[in-house]
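To start, the structure itself, in structure tokens.
The chains referred to below are lettered A, B, ... by the order of the sequence lines, with proteins before strands, and numbering in each begins at 1.
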Number of protein chains: 2
Amino acid sequence: MNDKIIPHFSDEVRGVSAANGSAKAKIERAAVWLFSEHGIDGVSTKSIAAQAGVSEGLIYRYFKNKEALARDLMLAIHNRLTLMIIDAGKSEATLPAQIHLITRAYCEIADDDWTLFRYHILHISRFPGLSETPSLSPHGAAARLIKNAMERGEIPKMNPDVLAAMVLGVVLQPAQAKVLGAIKGPLSKHAAVFEKGVLAVLGLNADKE
Amino acid sequence: MNDKIIPHFSDEVRGVSAANGSAKAKIERAAVWLFSEHGIDGVSTKSIAAQAGVSEGLIYRYFKNKEALARDLMLAIHNRLTLMIIDAGKSEATLPAQIHLITRAYCEIADDDWTLFRYHILHISRFPGLSETPSLSPHGAAARLIKNAMERGEIPKMNPDVLAAMVLGVVLQPAQAKVLGAIKGPLSKHAAVFEKGVLAVLGLNADKE
DNA sequence: AACAAGTTAGTGAGCAATCACTCATTACTG
DNA sequence: CAGTAATGAGTGATTGCTCACTAACTTGTT
């Protein structure tokens, strides 16, 4: 439980952003916090500037408009999660090994920047375009891994999109429950349970215990 | 696949609202459609009135303000889903029988009023109060059924809130995937697969096939 | 060093547009 | 005509965004 999974991945997956003290970073941190709490339309540019401790006009030096600011932040976590799944698919050959890596990394990314992750699961639906590019979304990447495993004969063939959604739900719904206060503490604490649940949905855990 | 599950439940679970042609019903239908599409803050009272074919002022004859309208609609589907789970817990004695009923009914309620269901899963987080009353939320009701099954010795003991979230995720994440366009057709088509997945997460499907 | 010129970072008053909501008035109905 | 249903122009507040401006810092020339 001590060793982190994230360092095994590339820099993009580990999550990098603007220099911590810069004005741009202050705006981003203020915005992601306020957006996750009140929704994008529930936050004014004035309140973002106030929370960041900068003037309102400065936002428009770094971002074209409020929507672009919201989109950039969403894209950061969206791509981070997607690339993590793709990387895991490349570094491991079998579905169970991939799932072991992915469940841990998913939880660690969520715990690492919970505000940004919370923003992602609460408000991703504001950006339909991000999910309409299947290969660059967590769902699409997961569906691809599952489809490959089906073609290798690791699991029975069925609709990979439905199965990918069921599998993602085993991890994402507890995350949403944590957002809504029904579950407490870091997600990583439950990573082993999530892994077991995911394997069960895939019919891969008959040989355990 | 022909027989519906919904009729087995009480009137409240079957879903009843204002008379179809009344002005109040027209406002509700217009609001739930626009809210689910653009979010509550992304919809103006003017646009609701226009879509409903009534004047803007009429909204305030039937609802105290825009927030109350949004809350009433959310409460309708929220209570409908919650009561369905509670009812299933009363009418069936074992967890597998309860799950058989619930997965079907969940899908049928979603298909029956997809716009309202879509509004629920996309924007429930706007009303944290609804989830903070655990016994009156789908998550809370499901957690109770699971906890009871643990005490009857049907499944191993563990954190019932975490397990309830994982189980709900198996059904809700495919619903979200359908919202985002990754899955098509009615949810009921996949009810049997969802049931199998839920049983697997609970460790209850060793005796199948 | 001294100064001028140019570039970048940052400000905040102000603007047109839109917002949720009110209310005096009208239309309808039994 | 009493009572309810319905209207929509009007209101003050707030919105996202602009832009003329200042402050601070780099660079080039002497």
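- The side-chain heavy atoms of A:Ile102 and A:Val171, taken from C-beta on, include no pair separated by under 4.5 Å.
- Per the geometry, NZ belonging to A:Lys66 stands 17 Å off C1' belonging to D:dT18, to the nearest Å.
- In this structure, B:Lys24 atom NZ and D:dT4 atom P are separated by 17 Å, rounded to whole Å.
- Side-chain proximity of A:Lys46 to the nucleotides C:dG14, C:dA20, C:dT11 is greatest for C:dG14.
- Proximity of A:Ile77 to A:Ile109: side-chain heavy atoms (C-beta onward) are separated by under 4.5 Å at one or more points.
- Listed pair B:Tyr62 / D:dA5 fails the phosphate criterion, with no side-chain N or O lying under 4.0 Å from OP1 or OP2.
- With rounding to whole Å, B:His38 atom NE2 is found 12 Å from C:dC19 atom P.
- Legend: salt bridge (Lys or Arg N to Asp or Glu O under 4.0 Å) pairs involving residues 127-138 of chain A, not counting sequence neighbours: none detected.
- Between the side chains of A:Ser188 and A:Glu108, not a single donor N or O lies within less than 3.5 Å of an accepting N or O.
- Taking for each of B:Asn65 and A:Gly57 the nucleotide of DNA chain C with the nearest heavy atom, the 5'-most of the two is the partner of A:Gly57.
- Proximity note for B:Glu56 (side chain, C-beta onward) versus D:dA5, C:dC21, D:dC17: the nearest is C:dC21.
- Between the P atom of D:dT18 and the CZ atom of A:Phe63 lies a distance of 15 Å, rounded to the nearest Å.
- Look at A:Ser55 and you won't find any side-chain N or O under 4.0 angstrom from OP1 or OP2 of C:dG12.
- No side-chain heavy atom of B:Arg80 sits less than 4.5 Å from a side-chain heavy atom of B:Leu116.
- Between B:Thr45 and the phosphate of C:dA20, there is a side-chain N or O to OP1/OP2 separation shorter than 4.0 Å.
- Looking at which nucleotide of DNA chain D each of A:Arg61 and A:Asp41 is closest to, the 5′-most match is held by A:Asp41.
- Side-chain N/O atoms of B:Tyr60 include none lying less than 4.0 angstrom from OP1 or OP2 on D:dA6.
- In this structure, of C:dA20, D:dG16, D:dA6, it is D:dA6 that holds the atom nearest to the side chain of B:Leu58.
- We find that CD of B:Glu67 is positioned 14 Å from C1' of C:dC21, with the value rounded to whole Å.
- The CD1-C1' distance, from B:Ile59 to C:dC19, rounds to 13 Å in whole Å.
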